[in-house]
Amino acid sequence: MSSAKKQRASARPVRVLIAKPGLDSHDRGAKVVARALRDAGMEVIYTGLRQTPEQIVETAVQEDVDVIGLSILSGAHMTWVPRVIELMKEKGIFGEVLLLVGGIIPEDDAKALKEMGVDEIFGPGTPTDEIIKYIRDNVRRG
Amino acid sequence: MKVEEIVRGVLRGEKRAIARAISIIEDGLPEAKAILSALEPHTGRAYVIGITGATGAGKSTLIHKLIQAYRRKGLKVGVVAVDPTSPFTGGAFLGDRVRMQDLALDEGVFIRSMATRGSLGGISDATGGAVKVLDAAGFDIILVETVGAGQLDIAVAGIAHTVVLVLAPGLGDDIQAIKAGIMEIADIFVVNMADRPNADRMVVDLMSVLEVSPFNPSDWRPPIVKTVALTGEGIEELVEQIEKHRAYLAKRGMRPSEKKVRTLLLEALRRAVVSDILPMITKSAKFDAAVQMVVKGQVSIDAGAELLLSSIKQALREME
Ligand SMILES: Nc1nc2c(ncn2[C@@H]2O[C@H](COP(=O)(O)OP(=O)(O)O)[C@@H](O)[C@H]2O)c(=O)[nH]1
Ligand SMILES: [Mg+2]
């Protein structure tokens, strides 16, 4: 038993929070990604629609996740994402937790968001394999 | 974060330290032991409530309302919600939080989702450790939501003071089909979704099953509480019944009932037999010999099994 347990421990599943800030009224895309990540062996914490940045960051803290994935379709990324980053800094998880954004983000905004500290941005229709690979390669805690 | 730092943070009730301590225990890291033993002297204050029952019965929704009820009393509430790990991929979808998310920012609430990571019994091996961390961190009430795999969901009785079994009409939750084990560990029965037809029918069925189950006059008699978790109807009564069970336990020095221990011991034994004893038999030369005997038509399968078991039975008889 102990050897099986050790094996399990070393293959610690990556924990990912999938959250939808703002007023988007459906979460199909977020759920598709959530399912793909689960099928890739990750533990996906799902919080449902209409999350405030405060809720998202507090949840990331309590769930001790390795990755926050924000799904934003409303176009309001320039309001939500900077606030999430600010709160991550406040709570001391910025730089430790990967911050990913999914949605339709114009190039200028994408550049600005990355400068602020977003690790990667995935447009709609990005193959989930690409997201999975990115997470595996970049997650900061083993 | 270093061990001492984490321990200090947990004792101060700091959320990040609590979260990290739980992860370390969950991941089975070497520091887990040191953290748990440093926290141990600070545990034993919290009251632990297990919420079990089939998927979709309304456990998470009920927990949401219970958190609110206990918060109104000024108590701090910790939640550990367990969902199954896929045996094929090792991944898990942890969705219980959705129902409680509006409480995420309450300073007096801590919610942690947990995957089973291969553990059986409806909770994970680390759930007990997570409960200890929350206990040491000063949470007065700790709610544990089990996986919802039905009869197997009994391990929570080993870590909870009160076990609430949540049933709901229309889930194929036929009372007759509820297996003995889970019936025996339930201290309180909740018939949720009382807004649906057939809820009363379910209560009556449950009453007739409970009436015929044997009990001693000094035993706790599990009450039945009807709830509508969506609206909060019946929650006050549920809280009252939990209080009553707590008072009953306090009177007997918090010792669990014999019935519960018997059930848990039986299940632990069953698992140990499968994981430890069975392989000893199947890896023996006798097992191969028995296979050959069945292949050649010399004995039936049952007789072959009996052949393998007879010496174990003999040894047990000698032990008596
Ligand atoms: N009609 C009705 N629906 C409920 C009630 N309680 C929960 N639900 C719904 O039942 C579904 C499953 O609830 P959930 O709490 O997730 O169940 P769990 O799987 O046992 O945790 C959700 O859609 C809830 O909104 C209730 O009392 N009445
Ligand atoms: Mg649930």
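Chain A is the first sequence line, chain B the second, and so forth, proteins listed ahead of strands; every chain is numbered from 1.
- Enclosure of atom CZ in A:R35 is not indicated, since only 12 or fewer non-hydrogen atoms of other residues, nucleotides or ligands lie within 6.0 angstrom.
- For A:E96, the CD atom is densely surrounded, since the number of other residues' heavy atoms within 6.0 Å is greater than 12.
- Neither the backbone nor the side chain of B:V79 comes within contact range of chain A; no heavy atom of the residue lies under 4.5 Å from a heavy atom of that chain.
- Contact annotation for residues 32-39 of chain B against chain A (heavy-atom separation below 4.5 Å): no residues qualify.
- Counting non-hydrogen atoms of neighbouring residues, nucleotides and ligands closer than 6.0 angstrom, the NZ atom of B:K132 reaches no more than 12 such neighbours.
- Here the OG1 atom belonging to B:T85 is positioned 11.0 Å from the CZ atom belonging to A:R38, to the nearest 0.5 angstrom.
- Within a 6.0 Å sphere centred on NZ of B:K15, other residues, nucleotides and ligands contribute more than 12 heavy atoms.
- Using non-hydrogen atoms only and a strict 4.5 Å limit, the part of residues 93-101 of chain B facing chain A consists of B:F93, B:L94, B:G95, B:R97, B:V98, B:Q101.
- Every residue two or more places apart in sequence or in another chain was checked for a salt bridge (charged side-chain N to carboxylate O under 4.0 Å, His left out) with B:D135, and none qualifies.
- The contact between B:I111 and chain A is made by backbone and side chain atoms together, counting heavy-atom distances below 4.5 Å.
- Open room surrounds NZ on A:K133; 12 or fewer heavy atoms of other groups in view lie less than 6.0 Å from it.
- With a 4.5 Å cut-off on non-hydrogen atoms, B:S113 touches chain A through its backbone and its side chain both.
- Residues of residues 51-67 of chain A placed with any heavy atom under 4.5 Å of a heavy atom in chain B are listed by number as A:Q51, A:T52, A:E54, A:Q55, A:E58, A:T59, A:V61, A:Q62, A:E63, A:D64.
- B:E233 CD: 12 or fewer foreign heavy atoms inside a 6.0 Å radius.
- Counting heavy atoms from C-beta on, the side chains of B:D83 and A:E43 never come closer than 4.5 Å.
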